[in-house]
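Following: one structure in structure tokens, then a few remarks.
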Amino acid sequence: MTLRETLVSHWPEYAMEAAGLGAFMIVACATTVLLEHPASRAPAIDPTVRRALMGAAMGLTAIALIHSPWGKRSGAHLNPAVTLAFWRLGRVPARDAIFYSLAQMAGGAIGVAFTWLVLRDALAHPSTNFAATLPRAGIAAAFLAEVAISFLFMLVVLAVTGSRHARWTGLCAGVLVAIYIFAESPISGMSMNPARSLASALGAGGFGTLWIYFLAPPLGMVAAAALQRSRAGCAKLDHAPGVRCIFCEQRPAPAERPKRIVILGGGFGAVFAAQQLERQLAGHGDYQVVLIAKDNYFVFQPMLPEVISGTIGLLDLVSPLRRLLPGTEIHVREVESIDLQKRTVTTAPGFLPHPHVIEYDHLVLALGTVTDFRGLRGLPEHALPFKNLNDALYLRNHVIRALEEAAIERHDEKLRRQLLTFVVAGGGFSGVEVVAELNDFVRGVAASYPQIDPREIRVVLVHSQDRILPEVPEKLGRFAQRILGERGVDLLLQTRLSAATGEEAVLADGRTIPTRTLVSTVPSFAHPLIEALHLPKNKSGRILVTPELSVQGLDGVWALGDCAQVPTLDGGVAPPTAQHATRQAKVLAHNLVATIRGGVPRVFDFKGLGKMGSLGRHSAVADVFGLQISGALAWFLWRTIYLQKLPGFGRKLKVAASWSFDLFLPPELVQFRFANQQLLLREHFEPGQEVFRQGDLGDRIYAILDGEAEVVIRDQVVARLGAGELFGEMALLDHTTRNATIRCAKPLSVWSLPKKELELLAQGMPELQRSLEQVRARRTRPLAGPG
Ligand SMILES: Cc1cc2nc3c(=O)[nH]c(=O)nc-3n(C[C@H](O)[C@H](O)[C@H](O)COP(=O)(O)OP(=O)(O)OC[C@H]3O[C@@H](n4cnc5c(N)ncnc54)[C@H](O)[C@@H]3O)c2cc1C
């Protein structure tokens, strides 16, 4: 751009900067007159209070100007020293820096002149002296103080603008201005700004010490900028989306895509790692963090059992990923496959079956584990897992439904017994917390069902060892047993669950428990995606990582949380808990950044803070810092610690409120009805519309009910299909992508079935499998058919 073009294009921003400092000076001068002029009553007030009032007024003015529409547009430097620091960082071109500084000086001077026109003698009075900034504790002290406050100011501005808390930059700047005016003005008069001091000096006519304010603030701010290693980032204090930015406009487009760190998962490991990476990579622009999770929220699992009783509102223990990770690209998709050779991750189809293949430079595996009932007779069909929000909601609804049914079931005694018996298998932390909440809930709401005698309710905990909670010392385990027993939970110890039907839980010793509600918190298995990867793993399928959290022998692959076996310094392995996953996230992010930028790697050496588990109503056990606590005190500790760990201040407030109301209000009893997920879909297409495209993921099989479709391969129509014909089977059978496009030729009605359900059907119906094979054989013979 030529000089003329720059001026023509950027003059509005220059004018806004001038107006910004002009407004600031008007407020500064007017407030000085109000607080200092003898005609005002304020001088009677204590000088400290007056300084505090002045600080508050100027701090609020700075915040208002930064977030005003003009401030958002120009960047609200309002200070040549700030502009100079951004120029030093390469974020403001030299020409703009010069015009910004000139505009700020002109604006400040006009602001003072305007106030003088209005207030005249009041502003010129010696007590107010045009709000001039003068050294009050000697030249040297004033100079050093100005350097120091300017340095700290810029350091904070750069740190906050470059972080995920960027939106608070204006507030931080305003608070600093207020504090400086209150605490520092007795030393240097508090300027931090050459244009601001010049404007007052022009009115007051005293230029003798002006050099301090021309030298010290730029020195301090440029020194702070020199500490900032990154050249990337912008020069606005409020970089509001959708507002023109003359600085970003001038930045050359990046030649290639930024490198990518892809994180798989949305739990403790993944979210905390992404947060750390956001923080450490902020403002650099050369690395992009992408997080792929199947849900768009993070669940605070330690509080999950409280969803059963409704002690916590349904949405209070979940946080939207986009709020937690504003600087991360979020893909809400299920990961379908990982290719370590090609360094890609493929996600499952969304609305359209087009595959999303995401390349990575670094891959972070944080997929956790899965509850898998494979090999346990009847459990896949009849046991309820308890791992995520869906499981908790489903269980709560199921329990309410069982109570509703039992309340009106008068004829079938056996069914009534089944409905009122609730069985939980697994006496570890999750199982104990689930059974405690479940027991409190069903017994707590029983009063709302006059037809149910509370003595009919049976809650059972089945555990394979001789005491529950093997994770904590024996004393605490025995305490938990006593409390649960007193509250009506039947403890079946040294007993294993061996099978289940829709009507009973079958124990290994042959006994059966009639029930329609069986929850199992065990067993936990390796995630199928992790199972499929050729990586070093332990016997239970957890990935073996180094103490630095990288996967041995694989460049750029990292793992943490429940899916990884992380060695500890004492020769053991880190247990699969949230407190360990979050600490691993910090170490992993540090080491990943150290790999990229160079730095000393760290090893994971967290020993754990202790263990805590809730036993429901006002009781818990805690083994923390070597102390063993049980009962109400442990319960209070449990709630305080987890409340403090819950992400987000608003959410903390909501949960605290829920817990407080819960102390005196009866539990909620609402049963939700979720729309059934339709597996067999009917769809309609009009001529020209594509059902799927060549190259898409093979996710469903289709059958034509009515109409006609064309099979298109590389823009050539190779076949036509009519009513009664199947398509889409080849990609399913061969587990590949579609080899043809199917386009509607005449108004087309189809039904379609997802891959998983088709596989299940074909497993139980060999005939179906055979006929699908025949269709494929027929179609592959003359031409590649539709699949
Ligand atoms: C009921 C319960 C209570 C608990 N209480 C405590 C406690 O009090 N204290 C404690 O320290 N620990 C507790 N834990 C354990 C703790 O929650 C886990 O150790 C922790 O969640 C592990 O974190 P992670 O990131 O490794 O895995 P997870 O938190 O399980 O996260 C795995 C993530 O991967 C996502 N995912 C899985 N498959 C796919 C896919 N194909 N595509 C996309 N995303 C996918 C999941 O949706 C999930 O977001 C509890 C666990 C449970 C179940």
Side-chain angles (χ1 to χ4, degrees), residues 262-274 290-308 317-319 321 324 330-338 345-348 356 358 364-371 385-392 395 424 426 428-437 469 471-472 519-522 524-532 542-543 545 549 559-566 574-585 588 606 608-614 620-622 624 638-639 641-642 645-646:
V262 174
I263 302 175
L264 306 187
F268 280 95
V271 169
F272 280 75
V290 174
L291 181 134
I292 310 174
K294 57 182 171 190
D295 298 309
N296 83 336
Y297 53 78
F298 162 79
V299 183
F300 193 76
Q301 272 173 338
M303 286 183 183
L304 203 57
E306 301 214 15
V307 169
I308 304 171
L317 83 168
V318 294
S319 311
L321 290 177
L324 290 178
I330 311 276
H331 290 225
V332 181
R333 281 281 175 97
E334 194 152 331
V335 177
E336 181 103 340
S337 62
I338 303 163
V345 172
T346 304
T347 61
H356 273 201
I358 300 151
V364 179
L365 299 164
L367 288 164
T369 52
V370 289
T371 311
F386 196 85
K387 188 130 181 81
N388 54 43
L389 188 64
N390 277 353
D391 298 340
L395 176 60
V424 177
F429 269 121
S430 333
V432 166
E433 290 184 346
V434 168
V435 86
E437 288 292 328
L469 293 183
E471 302 94 333
V472 293
V519 187
S520 179
T521 54
V522 281
S524 210
F525 274 105
H527 194 290
L529 280 171
I530 302 288
E531 246 179 359
R542 293 173 82 188
I543 304 167
V545 294
L549 281 316
L560 78 163
D562 288 6
C563 72
Q565 177 176 299
V566 183
T577 72
Q579 55 169 313
H580 286 83
T582 51
R583 267 67 174 202
Q584 288 161 11
L588 188 151
F606 176 67
L609 299 175
K611 291 162 190 155
M612 284 194 283
S614 167
V621 285
V624 281
W638 182 90
R639 286 211 154 174
I641 291 181
Y642 282 123
K645 295 211 174 291
L646 199 64

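One-based numbering, in listed order, for ligands and for the atoms of each.
Residues Thr369 and Ser524 have side chains that bring a donor and an acceptor to within less than 3.5 angstrom of each other.
Numbered from 1 in the order shown, with element, the atoms of ligand 1 that lie under 4.0 Å from a heavy atom of Ala293 read 43 (C), 44 (N). For ligand 1, the atoms lying closer than 4.0 Å to a non-hydrogen atom of Ala366 are 32 (C), 33 (C), 34 (O). When each atom of ligand 1 is checked for a heavy atom of Gly561 under 4.0 Å away, the hits are 26 (O). Residue-ligand proximity, Gly266 to ligand 1, at heavy-atom distances under 4.0 Å covers atoms 33 (C), 34 (O), 35 (C), 48 (C), 49 (O). Proximity to Leu529 (heavy-atom distance under 4.0 Å) selects the following atoms of ligand 1: 41 (N). The distance from ligand 1 to the heavy atoms of Gly267 drops below 4.0 Å at these ligand atoms: 25 (O), 29 (O), 31 (O), 33 (C), 48 (C), 49 (O). Taking a cut-off of under 4.0 Å to the non-hydrogen atoms of Gly265, the atoms of ligand 1 that pass are 33 (C), 34 (O), 35 (C).
Considering only residues two or more places apart in sequence or on other chains, Arg639 meets the salt bridge (Lys or Arg N to Asp or Glu O under 4.0 Å) condition with Glu306. For Glu437, the salt bridge (Lys or Arg N to Asp or Glu O under 4.0 Å) criterion is met by no residue, not counting sequence neighbours.
Contact annotation: for Tyr642 versus ligand 1, heavy atoms closer than 4.0 Å belong to the side chain alone. If you look at Pro576 next to ligand 1, the close heavy atoms, those under 4.0 Å, all belong to the backbone. Heavy atoms of Arg333 found under 4.0 angstrom from ligand 1 belong exclusively to the backbone.
Checked by distance only, ligand 1 and Ser430 stay at 3.5 Å or farther apart across all their nitrogen or oxygen atoms. On a distance-only criterion, Phe386 and ligand 1 share no N/O pair closer than 3.5 Å. Polar contact with ligand 1: present for Lys294 (N/O pair, distance under 3.5 Å). Ligand 1 has a nitrogen or oxygen under 3.5 angstrom from a nitrogen or oxygen of Ala578. Note: no N/O pair closer than 3.5 Å links Lys387 and ligand 1 by distance alone.
Relative orientation of the Phe272 and Phe268 rings is parallel, given thresholds of 30° and 60° on the angle between their planes.
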For the pair Leu324 and Tyr297, evaluate side chain to side chain contact (heavy atoms under 4.5 Å, CB included) and give the outcome as yes or no after the intermediate values.
CA-CA 9 Å; Leu324 290 178; Tyr297 53 78; over 6 Å; no
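For Lys387, the NZ atom counts as densely surrounded, since its 6.0 Å shell holds more than 12 non-hydrogen atoms of other residues, nucleotides or ligands.
The presence of a protein heavy atom under 4.0 Å from atom 14 (N) of ligand 1 is ruled out.
For the pairing with Val299, the side-chain contact (heavy atoms from CB on, under 4.5 Å) check across Asn390, Leu304, Val271, Val307 returns one residue only, Leu304.
Separating the CG atom in Leu264 from the CD1 atom in Ile530 is a distance of 7.5 Å, to the nearest 0.5 Å.
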